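Single-structure report; data block below.
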Amino acid sequence: MKAWLFLLPLGLASALAAPVELKINLRVGDQPLQFAQTYQTPQGQPYQIELLKFYISEVALVRPDGREVRAEGLVLAEFKREAPTQGVSVMKMDVPAGQYRGIRFNVGVPRELNHLDAGTQQMPLGVNSGMYWAWNPGYIFYRLEGVALLPEGKQKWVIHMGTDAFRIPVRLQDLQTRRVQINIPPTGGSITLNLDVAKAFQPGPGGAFVDWRKQSLRQLHGLSPETSLLMSVVYFNMQTAFSLAN
Amino acid sequence: MQGWRVGWMGLLLLGVGLLAVYLWPRPKPLTTQPSPPTVVHPASPLAPFAQRAVPVPEDNPQTPAKVELGRRLFFDPRLSKDGKVACASCHKPEFAFSDGGKPVSTGIFGRQGSRNAPSLTNVAFRRHLFWEGRSPRLELQAVGPLTAHDEMGMEPEELAQRLGAIPEYAKAFQEVFGEPPTLKTTTYAIAAFERTLLSYNSPFDRYQAGDDKAMSEAALRGMELFFSEKGDCFHCHVGPEFTDDEPRNTALYTVYKDIGLARATGRDEDVGKFKTPTLRNVALTAPYMHDGSIQTLREAVQHYNQGGQPNLNADALIRPLGLTEAEVDDLVAFLRSLTDESFGTNPAFLPP
């Protein structure tokens, strides 16, 4: 009877929905990342980045009153050599036009999708994503790979972060001050994020860092006692590796 | 008397097997298809266990063309980054598809792994794959070696491109899957081939099939021990495949360098747990254990006889067994009677 009353706001919202593009700039510190360029970790280890792939899911824009506008979808952001690293569009969504005070999302695959049979899933999930973990059920959420320039030569290293315990929450919102302002006009717009890839190498408690001189630390992907502390360090660092550009 | 005991033993074995089959968790619905092109060597008698239908997942039905494609892929080093490593480099037919004498295997660019390559004997029946048993099926397991940086080291796009550029493969994938090669379809074809790797022509199988002469006296005594509370092997090495497919700590070390299941779960109680391996063709798959640290079957049996090393996670079944030297020899003779000499020479399992 009064059903139309409930439908009205829905109709209005979709009428005013504006297309928004989520874009990413890869950074090393405050510089644009370049593949095949040599950087140094805070501990003075020279390295290059070769590949970065990660899942973004559970995206929501935050209104000034704190309510969230959710954007459906799961995307796989992919960066590799000979491909751009700045202003790369990773996701398209529709949200009501208006003022927002931030964005939040998770780096990772939602729990309910993470444990489905990977053989029967479609891209961006499934084994063709290059993110399926095989020896560990579920997906790699954040996959960063590169080489370390060690005295004995170039050595490949990987950071494969995943499992439900390592889904990275990113919260770029500020309701208290007016520092974060995202204005989405009715014609649509974009939100650009900086991702400081080098954050992963910041030292953790007691100065622990990913020391590539140790062979066992060049493969950071499990929960063995040797690597689990560093996994936690990287995980912690990653929560603050994203920021709003401009 | 002997006959009666053996009959009873057979019943017990079958019972345990059936129970195990019943209790085994199934990760996904498996259709037991009317026996697919089960490649049993012509020499194989109809061993009782050979008559079980191979479990086949609904989304990957066996067809002769798919199995044939899988066989070509399994033996083809072009599936690896440096073009030198095939599945068969580490899973060699003549060693029951294990890595013939190597404690750990060598992958692309000479990179060494850290674990012993298991036999693929009757791997179709494994419900949990890898040493920690965390992969639910062959299709998904194969993603591991194809992409691991110390095995074959391929990216999905790279593999798809490389195979797509080989006309015979482009054609075969089109015929079998109706699409160009991808990592996924590659693993599906390989899995179909792996499901044909059946081996039921050991003296033990022939004995089960009614050939009283098939096993030596020593092997028969060893069999009694294996299935008795004294030897106590059969609780873990259970059923027709001699494995419960479950992770167990056999007190191999006090401090495990490779922590096994705990690598995936992070739990202390999982340190040192590895999946019970099958013992079929075990005489062909030395060296033994997850790290290939035990050289001979006799040393493996002695490990159990001594009750292993002190370890808090050790399985309750691991304890000094008090076997005499002669009994140890008998157990070894029994393990040897699980060898199917025809498995490694079956032309259906060799490079095309």
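Just so it is clear, the structure is predicted and the values come from calculations on it, not from any experiment. To find a chain, count down the sequence lines: A is the first, B the second, and so on, and within it residues start at 1. Values below: every heavy atom of this structure, side chains too, minus hydrogens, waters and symmetry copies.
The nearest pair of heavy atoms linking G119(A) to K184(B) is O-NZ, 2.7 Å. The heavy-atom pair separating P156(B) from S129(A) by the smallest distance is CG-C, 4.3 Å. Here the closest heavy-atom approach between residue W135(A) and residue R263(B) is recorded as CE3-NH2, 3.2 Å. Taking every heavy atom of both residues into account, A134(A) and S135(B) meet most closely at O-CB, 3.6 Å.
Of the two parts of E132(B), only the side chain, counted from C-beta on, holds a non-hydrogen atom closer than 4.5 Å to a non-hydrogen atom of chain A. When heavy atoms are compared at a cutoff of 4.5 Å, T265(B) approaches chain A solely by way of its backbone atoms N, CA, C and O. Heavy atoms of A264(B) lying under 4.5 Å from chain A belong to its backbone as well as its side chain. There is no contact between T227(A) and chain B, counting heavy-atom distances below 4.5 Å.
The greatest number of non-hydrogen atom pairs below 4.5 Å with chain A, out of L183(B), L129(B), T187(B), D150(B), is found for L183(B).
For L312(B), the CG atom sits in a loose shell: 12 or fewer heavy atoms of surrounding residues, nucleotides or ligands are nearer than 6.0 Å. Counting heavy-atom neighbours within 6.0 Å of F109(B) CZ, excluding the residue itself, gives a total above 12. Within a 6.0 Å radius of CG in D82(B), other residues, nucleotides and ligands contribute more than 12 heavy atoms. Within a 6.0 Å sphere centred on CD of E152(A), heavy atoms belonging to other residues, nucleotides or ligands number more than 12. At most 12 non-hydrogen atoms from other residues, nucleotides or ligands lie less than 6.0 angstrom from CZ of R70(A). Heavy atoms from other residues, nucleotides or ligands lying under 6.0 Å from CD of E72(A) number 12 at most. Residue-environment remark: CD (Q122(A)) stays at or below the threshold of 12 foreign heavy atoms within 6.0 Å. Counted within 6.0 Å of NZ on K81(B), heavy atoms from surrounding residues, nucleotides or ligands total 12 or fewer; the atom is thus considered open.
The pair R143(A)-E155(B) meets the salt-bridge criterion, with a side-chain N (NZ, NE, NH1 or NH2) lying under 4.0 Å from an Asp/Glu carboxylate O.
A distance of 4.0 Å separates CG in N128(A) from OG1 in T182(B), rounded to the nearest 0.5 Å.
Remark: side-chain polar atoms of Y132(A) are not paired, donor with acceptor, to backbone N or O of G144(B) under 3.5 angstrom.
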D117(A) vs L140(B), test: side chain to side chain contact (heavy atoms under 4.5 Å, CB included). Steps then yes/no.
CA-CA 9 Å; D117(A) 185 304; L140(B) 296 174; 3.9 Å; yes

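No side-chain heavy atom of H149(B) sits less than 4.5 Å from a side-chain heavy atom of E145(A).
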